[in-house]
Amino acid sequence: MSKTIAILPGDGIGPEVTREARRVLDALDLGLTFAEAPVGGAAYHAHGHPLPEATLDLAKRADAILFGAVGDPSCDALERHLRPEQAILGLRKHLVTFANLRPARIFPGLEDASTLKPEIAGAIDLVIVRELNGDVYFGEKGQRTTDAGLREGHDLMRYDEAEVRRIAHVGFQTAAKRRGKLCSVDKANVLETSQLWRDVVIEVAAEYPNVELTHMYVDNAAMQLVRNPGGFDTIVTGNLFGDILSDQASMCVGSIGMLPSASLDAQGKGLYEPIHGSAPDIAGQGKANPCAAILSAAMMLRHSLDMAAPADRIEAAVAAALRSGVRTPDLGGGASTGAMGDAVLAAL
Ligand code: IPM
Ligand code: MG
């Protein structure tokens with residue numbers, strides 16, 4: 001039976017980059033069925049809600065979801081539950097996609113696009129396994145006025161042991177398929193949430209004797225990511241730390257426009273998105289790099305649709321297009337979004 005892919009382009013550059021990913025999937029002629037729905041600011045403007053019921057239904061029904069980006073400055077003044085970002089947070093929560101895989105490796109020839117020295121950047125081949133359903137993102141939050149009359153904001157950081165355990169397993173399994181090294185990143189010297197995290201990760205480690213486990217405080221991890229990123233294989237960390245470290249890792253490999261991601265539930269169903277945002281400053285100008293979206297489509301084929309061979313082809317085509325010198329402005333080139341997509345298609 002034909003698999004259904006929900007395409008949720010979203011805001012800003014989301015539609016431009018998902019269009020290129022769709023072209024690549026079409027060219028492979030995989031017999032997929034596509035259904036598109038609005039999300040984020042675009043959905044708010046059209047339907048009054050960033051995650052309309054119909055969009056959520058489609059996402060639940062589909063075999064996999066290809067997501068663009070959300071974020072729209074014209075929505076900044078809205079109440080939080082109506083802001084575009086709530087769409088992606090809502091999808092992650094409703095679909096229970098708790099495991100976010102964010103691979104970062106340098107494509108040959110892109111060493112000079114990294115802000116790191118080429119020999120340091122060239123050694124990067126890591127994956128961040130980010131927990132996606134908990135932490136300060138989903139803890140109790142609010143603002144109030146204190147007895148002293150001061151405005152106060154709070155966001156509760158919390159994890160229970162089951163939440164840590166399930167993401168720890170994904171971390172160990174990911175590492176086992178790679179170079180067998182797992183680094184758990186926390187802030188256990190200060191945070192109780194992190195102490196629990198560390199304790200549980202150590203317990204789970206007993207089931208993976210072939211994976212070498214280390215622990216690192218997040219501040220040190222941020223430093224090591226620019227000092228010696230080649231030293232990392234698999235990183236497992238909480239939602240907030242993973243958000244921050246994955247943006248940092250993206251710049252180490254040249255551009256945030258290069259990093260795809262997979263957000264998986266316990267059955268391997270997933271939502272696939274570039275880790276970059278909606279980039280409103282360059283939206284609609286054909287300047288966006290579609291590689292992260294195209295590589296997200298490759299991850300989708302591999303992780304949710306059991307189509308490893310076409311996934312390999314897409315990744316090889318992106319590498320070949322970059323090798324041929326075609327580059328969008330974020331990589332120091334002058335190619336448009338469509339021209340980059342053309343180059344990938346040509347390489348296919
Ligand atoms: C990401 C983004 C999101 C996050 C935003 C858009 C809510 O930064 O996917 O990394 O913070 O998770
Ligand atoms: Mg982020």
Side-chain angles (χ1 to χ4, degrees), residues 8-15 17-18 21 38-44 49-51 55 59 65-76 78-104 126-139 141 155 157 159 163 167 185 218 221-222 225 235-253 255-265 270-283 288-289 292-293 295-296 299-300 330:
L8 312 182
D11 304 323
I13 62 171
V17 297
T18 40
V39 74
Y44 173 77
H49 197 280
L51 183 56
T55 301
I65 300 138
L66 197 57
F67 189 91
V70 286
D72 176 347
S74 78
C75 296
D76 281 355
L78 294 173
E79 284 174 65
R80 183 164 301 280
H81 75 279
L82 293 175
R83 293 201 205 154
E85 291 77 10
Q86 294 306 310
I88 185 62
L89 298 178
L91 282 165
R92 290 171 181 170
K93 200 67 177 173
H94 283 292
L95 301 172
V96 203
T97 53
F98 66 92
N100 185 215
L101 309 184
R102 299 192 159 186
L126 60 86
V127 55
I128 297 177
V129 178
R130 170 188 173 194
E131 201 288 331
L132 214 51
N133 275 187
D135 206 348
V136 281
Y137 272 68
F138 295 99
K141 58 180 76 234
D155 299 86
M157 177 180 273
Y159 272 120
E163 292 170 305
I167 193 68
V185 170
V218 63
L225 256 183
I235 292 172
V236 64
T237 191
N239 205 344
L240 181 64
F241 299 157
D243 179 45
I244 297 166
L245 293 179
S246 58
D247 264 32
Q248 190 185 346
S250 73
M251 203 53 227
C252 297
V253 295
S255 165
I256 196 162
M258 289 302 302
L259 257 70
S261 78
S263 306
L264 305 173
D265 73 6
L271 180 150
Y272 298 82
E273 54 170 327
I275 83 155
H276 62 67
S278 58
D281 53 323
I282 58 163
N289 183 349
L295 293 168
S296 296
M299 285 189 93
M300 175 178 84
D330 56 308

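Numbering of ligands and ligand atoms starts at 1, following listing order.
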Short N or O distance, Glu85 and ligand 1, threshold 3.5 Å exclusive: no

Shortest-distance N/O/S atom, Asp243 versus the Mg ion (ligand 2): OD1

Ligand-side contact atoms (ligand 1) for residue partner Arg130, heavy atom cut-off under 4.0 Å: 1 (C), 4 (C), 9 (O), 10 (O), 11 (O), 12 (O)

Heavy-atom pair of closest approach, residues Leu78 and Arg83: O-NE, 3.0 Å

Residue and atom name of the nearest protein heavy atom (relative to atom 4 (C) of ligand 1), distance in Å to one decimal: Tyr137 OH, 3.4 Å

Point-to-point distance, once rounded to the nearest 0.5 Å, from CD1 of Ile88 to CG of Leu51: 9.0 Å

N, O or S atom of Asp247 closer to the Mg ion (ligand 2) than 2.8 Å: no

Which residue and heavy atom of the protein sit nearest atom 1 (C) of ligand 1, plus the separation: Arg102 NH2, 3.4 Å

Distance in Å, Arg130 CZ paired with Leu240 CG, rounded so as to fall on 0.5 Å steps: 8.0 Å

Single hit among Pro84, Cys75, Ser74 for side-chain contact (heavy atoms from CB on, under 4.5 Å) with Asp11: Pro84

Nearest neighbour of atom 9 (O) of ligand 1 from the list Glu273, Arg92, His276, on a heavy-atom basis: Arg92

Heavy-atom nearest neighbour of atom 2 (C) of ligand 1 within options Ile244, Asp243, Leu259: Asp243

Closest heavy-atom pair and its distance - Thr18, Pro9: OG1-CB, 3.6 Å

Contact with ligand 1 for Arg83, non-hydrogen, under 4.0 angstrom: no

OG-CD1 distance between Ser263 and Ile65, expressed to the nearest 0.5 angstrom: 9.0 Å

Atom pair NZ (Lys93) and CG (Asn133), whose distance is rounded to the nearest 0.5 Å: 5.0 Å

